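The structure appears right after this line, and notes come after that.
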Amino acid sequence: MWYIRDLPIENQIVIAPMAGISNSAFRSLYKEFGAGFIVSELISDKAIYFKNVKTMGMLEVQEQEHPMALQLFGHDIDTMVHAAKVMDEDTNCDVIDINMGCPVNKVVKSFAGSALMKEPEHAYELVKAIVAAVKKPVTVKFRLGWDAHSINCVEFAKLMEAAGASAICLHGRTRAQMYEGKADWSYIKEVKAAVNIPVIGNGDVKSVADFKAMLETTGCDAVAIGRGVLGNPWLIRQCAHYLATGEVLEDVSYEEKFALAYKHAKSLCELKGERVGMKEMRGHATWYIKGLPKSHVVKDRLSKVETFAEFETILQDYDLVLKEYEATKVSL
């Protein structure tokens, strides 16, 4: 058990925010696997300020998602405070998370996301203003720095704590690295030693061994897993089981993966309609079959799927391929 201010978090497993992925359907489904805390995809302050219909829908939180955070991004203090107050007063999220780590061009061009690491004093004033305006705990996610020549995460972490942040999450890469190269966990250890608020470590956790190593080598309070759970939420269950027992569960069968893929597709269709839902499911579908034998047989078809019925047919065809493959292995 650990806490974000006065909010108890059952275990040290956090599902990291992922743009275009961490919607309500994803969060509800993956939270069932035992994560202690989950964060939404990033939400624009300007879109909230102007009451964009699609964005306002992104603020909806299902009961089964708690405890969770809605993540906000922006640069201007006035609109960020306005949006944070909307999250505080008009939604049932538990925490407001400020994104200062997103590396994508369309975000940093607006001086938001990881661009804020180039303006630490402004970032401090921004968080301080939000903390003063809301009742819910405020957390901040950021990176090591803008690039290898301007790593400032330790100083940045101290500023976020001084501004009133209740916890911070550090991704072990610079903005320049995007999602390439290896995450440097040594800075997570340095940040943990430099502040008194909880520190969540993030970057390159793809197995129970990685999860265990992150906790042990950095001393962080919790571990945020992002791309490592895509198509593999069983990693969450494995990590939770490891925390409870010290044992590692075996990997699941492809039938279990297919069953969850069907459930995920249905949830997306219910949330966004079949056309948009199945379009979003294309990426998830290829993640669910990643590493399975003969996956090349259906990967191209899944990348173009348009209806749920078509999705069912593709996986049924692939099920026959896998059964034939397993029968061949047994006969050999």
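In this chain, residues are counted from 1 in sequence order. These numbers come from a predicted model, not from an experiment.
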ask   = Side chains of Lys299 and Leu302: closer than 4.5 Å at any heavy-atom pair?
value = no
inquiry  = Given 3.5 Å as the limit, does a donor-acceptor pair link the side chain of Glu125 with the main chain of His122, or not?
reply    = no
query = Glu41 side chain to Gly20 main-chain N or O, any donor-acceptor pair under 3.5 Å?
reply = yes
task = Name the orientation class of the two ring planes belonging to His284 and His264 (parallel below 30°, tilted from 30 to 60°, perpendicular beyond 60°).
result = tilted
request  = List in chain and number order the residues that pass side chain to side chain contact (heavy atoms under 4.5 Å, CB included) with Val252, two or more places apart in sequence or in another chain; answer none if no residue qualifies.
outcome  = Trp234, Glu256, Lys257
request  = For the residue pair Asp97 and Lys141, establish whether any side-chain heavy-atom pair is separated by less than 4.5 Å.
outcome  = yes
Interatomic spacing from NZ in Lys304 to CE in Met278 - rounded to 0.5 Å = 15.5 Å
ask   = Below 4.5 Å, heavy atoms only, C-beta onward: do Trp2 and Ile200 meet side chain to side chain?
value = yes
message = I need the minimum non-hydrogen distance between Ala224 and Ala16, along with the two atoms involved.
response = CB-CB, 4.0 Å
key: From Ile225, Val39, Ile236, residue fulfilling side chain to side chain contact (heavy atoms under 4.5 Å, CB included) relative to Ile15   = Ile236
inquiry  = For a 4.5 angstrom cut-off between non-hydrogen side-chain atoms, does Ile21 reach Tyr30?
reply    = no
request  = Give a yes or no on whether the backbone of Ala84 and the side-chain of Asp88 come within a donor-acceptor separation of less than 3.5 Å.
outcome  = no
key: Spacing of Ser166 atom OG and Glu161 atom CD [to the nearest 0.5 Å]   = 10.5 Å
message = Nearest 0.5 Å, please: how far is OH in Tyr288 from CG in Asn232?
response = 9.5 Å
ask   = Roughly how far apart are Met160 CE and Cys153 SG, rounded to 0.5 Å?
value = 12.5 Å
ask   = Between the side chain of Asp76 and the main-chain N/O of Thr79, is any donor-acceptor distance below 3.5 Å?
value = no
request  = Could you tell me whether the side chain of Lys31 reaches within less than 4.5 Å of the side chain of Arg27, counting heavy atoms only?
outcome  = no
message = Counting the benzene-type ring for Trp, do Tyr254 and Phe258 have ring centres under 6.0 Å apart?
response = yes
query = Hey, mind stepping through Ser24 and Glu65 against side-chain hydrogen bond (donor to acceptor under 3.5 Å, both in side chains) and telling me if it holds?
reply = CA-CA 8 Å; Ser24 183; Glu65 296 179 44; 3.0 Å; yes
ask   = Residues two or more places apart in sequence or in another chain: which of them pass ring pair (Phe, Tyr, Trp, His ring centres under 6.0 Å) with Phe211?
value = none
request  = Please work out which of the three classes, parallel, tilted or perpendicular, describes the rings of Tyr49 and His82, given edges at 30° and 60°.
outcome  = perpendicular
message = I'd like to know if the side chain of Arg237 reaches the main chain of Gly34, judged simply by a donor and an acceptor atom lying under 3.5 Å from each other, with no hydrogens or angles considered.
response = no
key: Main-chain N/O of Cys93 paired to Lys136 side chain as donor or acceptor, under 3.5 Å   = yes
Side chains of Asp94 and Ile4 in contact at under 4.5 Å (non-hydrogen atoms) = no
note = Closest non-hydrogen atoms of Met100 and Leu126, given as atom of the first, atom of the second and distance, are CE-CD2, 4.1 Å
ask   = Do the side chains of Arg5 and Val138 get nearer than 4.5 Å, heavy atoms only?
value = no
ask   = Roughly how far, to the nearest 0.5 Å, is OG of Ser44 from CZ of Phe50?
value = 9.5 Å
task = Please tell me if the side chains of Asp221 and Lys192 come closer than 4.5 Å, counting only heavy atoms from C-beta onward.
result = yes
request  = Spell out, as yes or no, whether a donor-acceptor pair under 3.5 Å connects the side chain of Arg173 to the backbone of Glu180.
outcome  = yes
